Amino acid sequence: MMKFLFMMIFMIPLCFMKNMFWLVQMMLFFMMFLFMNLNLNIMCFFNMSYMFYCDIISFGLILLSIWICSLMIMASESLFKLNFYFNFFLFNVIFLLIMLYLTFSVLNLLLFYFFFEASLIPTLLLIIGWGYQPERIQAGMYLLFYTLFGSLPLLMGIVYIFNDLNTMTIYFLKFFNMNMYLLYISMIFAFLVKMPMYFVHLWLPKAHVEAPVSGSMILAGIMLKLGGYGLLRVMIFLQEVNLKLNYIWIIISLVGGLFISMKCFCQVDMKSLIAYSSVAHMSMVIGGIMVMNYWGFIGSYILMISHGLCSSGMFCLANINYERLHSRSLYINSGMMNFMPSMSLWWFLLLSSNMAAPPSLNLLGEISLINSLVSWSNISMILLMMISFFSAGYSLYLYSYIQHGKYFQGLYSFYVWFISWVFIIIFALISFKYDNFKGWFYFYLILNKK
Amino acid sequence: MNNNSNKMFFLFILFFSTLISISSNSWFGCWIGLEINLLSFIPLISNSKNLLSVETSLKYFLTQSLASINFLFMILIKFSLLKNFNMNNIISIMMNSSLLMKMGSAPFHFWFPNIVEGLSWMNNFMLMTWQKISPMILLSYYFNKNFLIFMIITNLIIGSLGGLNQTSLRKLLAFSSINNLGWMIFSIMISENLWLFYFLIYSMMISMMISLFFLMNMYFMNQLFINNMNFFIKLNLLINFLSLGGLPPFMGFMPKWIIINFLLINKFYFLTFIFMMTSLIIIYYYIRIIYSSFMFNYFKMKWVNLLMKNNMSLINLSSFISISSMILSTFIFM
């Protein structure tokens with residue numbers, strides 16, 4: 001585990017040398033393949049050392065973060081071509097990757113908080129430094145202050161736990177019961193803001209839209225999952241309060257997900273639509289984690305991984321359109337099938353996965369989540385039905401608006417294809433389908449185990 | 001009066017006066033130390049050629065001597081009226097008030113931003129760091145817990161809300177200093193060692209910021225984006241301000257984290273919440289400053305050398321220390 005940390009640390013001097021842009025990206029791919037081959041054990045913590053560990057959740061999320069970081073660099077090729085501070089950009093990406101890697105792999109809860117907060121700084125720098133509009137100032141403020149407002153009580157909670165239990169090791173927390181209401185609120189609130197839950201979701205549309213493509217990819221891909229990971233780690237020692245109070249968060253997030261799905265239909269900005277769909281998916285993830293059964297746990301984990309891949313891919317595609325047409329508006333981006341028909345394949349694959357059509361991994365996650373939520377209460381069937389239906393609705397709306405129909409008359413000409421995009425998309429989709437097959441395979445195994 | 005060797009004499013007496021004050025056996029000795037402190041600081045800040053300097057030193061003299069007189073009077077009342085040695089009574093409130101006024105803590109802070117506006121950066125550094133030592137240690141000898149907790153809350157709120165409308169960098173750091181005084185007063189109620197830890201790290205961070213502003217000769221916010229700043233200087237500004245605000249992974253997070261630890265051990269839950277939320281407001285106006293320096297693009301004339309003045313190589317070292325000191329500090333305990 002330490003070996004990956006050292007590999008990432010020593011990539012930092014590599015960012016500042018000449019002509020090393022693609023080498024850094026290749027090294028990240030290389031690291032991902034190395035990481036994938038670690039010994040994996042589903043039922044326990046493995047690869048434990050003095051301060052690192054790997055769990056099934058950590059493993060998947062670290063893998064996802066390395067993958068998305070390498071795709072981020074690939075997608076930001078225009079920064080390299082235009083010579084727009086790409087050295088510092090690479091440094092930001094590697095620093096963010098180090099912080100995320102450490103967040104998911106340290107054993108100490110306080111160090112988890114430390115790196116959780118530290119991952120905000122490079123994200124803020126990415127949004128402010130390489131974003132496209134002047135509104136990114138406000139977006140950076142919203143991102144920083146919503147997240148900090150949630151996470152400072154988390155620090156208080158962690159220090160309280162340390163004073164009470166004299167341990168901060170995540171592994172040992174399952175042996176204790178800290179059932180206090182105030183502690184519960186302070187621990188959970190940070191992750192609910194990060195996820196985001198419906199009432200505290202305002203930072204997400206701003207931050208996702210104003211971020212550059214790399215910032216959007218990492219935000220949608222991993223930063224939201226930090227909240228899910230934190231919830232999964234922290235709820236273990238708060239079980240009795242969870243049983244009493246979780247219904248509040250489930251109801252807020254599911255009803256909120258419904259409202260957000262309906263709001264997706266009103267969006268004109270492509271990126272804004274994808275950002276709101278992230279909120280809707282994450283609302284189901286919150287619901288699944290909060291019901292505290294095994295299907296919910298598995299479903300939320302699978303939906304986190306698959307949504308990470310899917311959303312990042314969609315932001316990447318939206319940026320392809322933006323780079324050619326210099327607009328993210330749906331009115332201008334319509335009828336793209338006339339110009340880039342092969343692109344419509346990628347849009348279709350990613351959007352069908354977004355709406356959880358078979359055989360995508362999202363479908364697996366949603367089925368598990370639907371199972372767990374309906375087992376918790378029958379009435380959630382209505383909400384889940386509406387959320388799934390509307391997610392299919394807006395995905396189809398986005399696809400048909402962008403691809404079909406007559407193109408915008410004001411288009412003059414634009415360059416159709418860059419070769420590196422092919423690689424991005426191919427890699428994104430291959431990983432996607434590979435995960436699909438692996439996911440269904442494991443699902444089959446788990447079902448047979450019971 | 002730069003590099004005047006006469007000032008060395010007064011600087012030496014300044015240092016010595018603090019030592020007198022904190023190491024005396026009797027309250028009279030403390031008062032004498034405070035008076036010598038005042039006496040030796042005035043020549044350091046007054047400059048007869050500059051009218052603003054003269055006015056500032058006069059204001060400083062008036063407020064500090066008022067506080068010292070108060071202190072002396074309360075010491076005498078304590079000697080004559082109280083036979084016991086209990087803390088937490090009325091006389092300790094009066095003694096603490098005079099010491100808080102010496103430090104520039106709220107609600108006696110109104111002189112502090114004014115005077116900070118009239119001093120140069122190096123004098124400000126002395127005022128914000130060294131001048132706080134002897135009143136704080138004297139505070140720890142005889143305090144009223146409830147009164148001080150109320151003062152901490154006032155300090156935090158005034159420090160955070162007062163800085164929102166400032167454009168002068170000196171006044172901004174003055175309000176940030178008032179806020180940090182709240183943290184320091186709490187730490188000295190717990191233990192002097194803890195206060196020393198917070199104070200040293202705070203002094204180090206303030207010294208990095210002030211040396212940066214001094215070298216760039218910046219006094220106001222519009223100078224942040226008019227100047228032709230190097231990229232590393234801006235990065236250093238970012239790191240220092242975020243460190244001062246207490247964000248991980250920078251050095252400034254560590255003292256705040258340890259203070260929160262002691263706050264929660266002693267069960268001050270609501271007070272911890274106020275500490276955190278005022279910290280957020282402070283980070284807001286720091287980020288505003290950072291935005292001003294990062295966002296507005298400057299004119300990139302090629303024949304103007306981007307300002308790397310003498311002594312600037314230390315700045316890169318200081319930002320490196322700010323980032324990595326949290327990790328390096330774990331090596332202390334090996």
Side-chain angles (χ1 to χ4, degrees), chain A residues 5 9 12 50-51 85 87-88 91-92 95 98-99 102-103 108 110-122 124-125 127-129 131 134 136-138 140-164 168 180 182-183 185-186, chain B residues 231-232 234-235 238-239 241-243 245-254 256-297 320 322-324 326-327 329-330 334:
Chain A
L5 182 65
I9 289 178
I12 292 181
Y50 187 56
M51 50 182 274
Y85 298 106
N87 286 327
F88 190 53
F91 173 68
N92 254 333
F95 188 64
I98 293 177
M99 293 297 136
L102 288 170
T103 312
N108 194 342
L110 185 77
L111 281 180
F112 161 75
Y113 170 79
F114 184 76
F115 295 117
F116 176 82
E117 289 297 302
S119 64
L120 272 181
I121 308 276
L124 183 72
L125 285 176
I127 293 182
I128 299 178
R136 66 192 195 266
I137 299 182
Q138 196 192 26
M141 283 285 187
Y142 266 63
L143 167 73
L144 197 65
F145 285 95
Y146 263 82
T147 321
L148 278 178
F149 178 64
S151 65
L152 286 174
L154 175 65
L155 177 63
M156 284 168 58
I158 292 179
V159 174
Y160 179 82
I161 291 175
F162 174 64
N163 287 328
D164 208 4
M168 294 253 75
M180 284 157 266
L182 212 52
L183 183 67
I185 297 281
S186 61
Chain B
F231 173 66
F232 292 107
K234 288 189 189 179
L235 196 63
L238 169 83
I239 291 173
F241 265 119
L242 291 179
S243 176
L247 281 186
F250 303 117
M251 183 168 64
F253 173 63
M254 186 145 60
K256 302 213 155 142
W257 159 35
I258 295 190
I259 304 272
I260 292 173
N261 191 18
F262 281 100
L263 273 165
L264 291 175
I265 286 178
N266 292 307
K267 301 187 181 24
F268 287 113
Y269 300 125
F270 187 61
L271 189 62
T272 319
F273 188 68
I274 298 184
F275 269 99
M276 314 258 75
M277 293 304 138
T278 51
S279 197
L280 268 186
I281 302 182
I282 293 222
I283 292 177
Y284 173 68
Y285 62 73
Y286 287 162
I287 296 254
R288 244 181 3 191
I289 299 179
I290 294 170
Y291 273 172
S292 299
S293 73
F294 262 56
M295 291 290 200
F296 295 110
N297 210 352
F320 176 70
S322 258
I323 298 180
S324 57
M326 292 287 301
I327 301 168
S329 66
T330 58
M334 290 243 268

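In this text the structure is predicted, and so the values were computed from the model without any measurement. Proteins get letters first, then strands, A, B, ... in listed order; numbering begins at 1 in each.
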### Task
Identify which part of L124(A) has an atom lying under 4.5 Å from any heavy atom of chain B, answering side chain, backbone, both or neither.
side chain

#### Entry: Heavy-atom contact with chain B under 4.5 Å, split by part of I121(A)
side chain

### Summary
Of the listed I287(B), L238(B), N261(B), the one with the largest count of heavy-atom pairs under 4.5 Å with chain A is N261(B)

### Message
With a 6.0 Å cut-off (strictly less than), is the heavy-atom count around CZ of F273(B), excluding the residue itself, greater than 12?
### Response
no

### Summary
The reported gap from CG in L264(B) to CG in N163(A) (rounded to nearest 0.5 angstrom) is 6.5 Å

#### Entry: Contact class of Y269(B) relative to chain A, heavy atoms under 4.5 angstrom
both

### Task
Return the option, out of L120(A), L125(A), I137(A), with the maximum number of heavy-atom pairs under 4.5 Å with chain B.
I137(A)

### Message
Using 0.5 Å steps for rounding, measure from the CG atom of L144(A) to the CD1 atom of I283(B).
### Response
7.0 Å

### Task
Please state whether the side chain, the backbone, both or neither of L263(B) comes within less than 4.5 Å of a heavy atom of chain A.
neither

### Query
So how far is it from L247(B) CG to F114(A) CZ, rounded to the nearest 0.5 Å?
10.5 Å

#### Entry: Straight-line distance of Y291(B) OH to Q138(A) CD, nearest 0.5 Å
9.5 Å

### Task
Compare all side-chain heavy atoms of L155(A) with those of F253(B) and state whether any distance is below 4.5 angstrom.
yes

### Task
Name the region of Y113(A), side chain, backbone, both or neither, that has any atom closer than 4.5 Å to a heavy atom of chain B.
side chain

### Message
Please check if the number of heavy atoms outside L182(A) that lie under 6.0 Å from its CG is greater than 12.
### Response
no

### Summary
So, the part of L110(A) with a heavy atom under 4.5 Å from chain B: the answer is side chain

### Task
Determine whether M276(B) and F149(A) make a side-chain contact, defined as any pair of heavy atoms from C-beta on separated by less than 4.5 Å.
no

### Query
Is it true that atom OH of Y284(B) has more than 12 heavy atoms of other residues, nucleotides or ligands lying nearer than 6.0 Å?
no

### Region of I260(B) in contact with chain A, defined by heavy-atom distances below 4.5 Å
both

### Task
Please flag which part of F115(A) lies under 4.5 Å from any non-hydrogen atom of chain B: side chain, backbone, both or neither.
neither

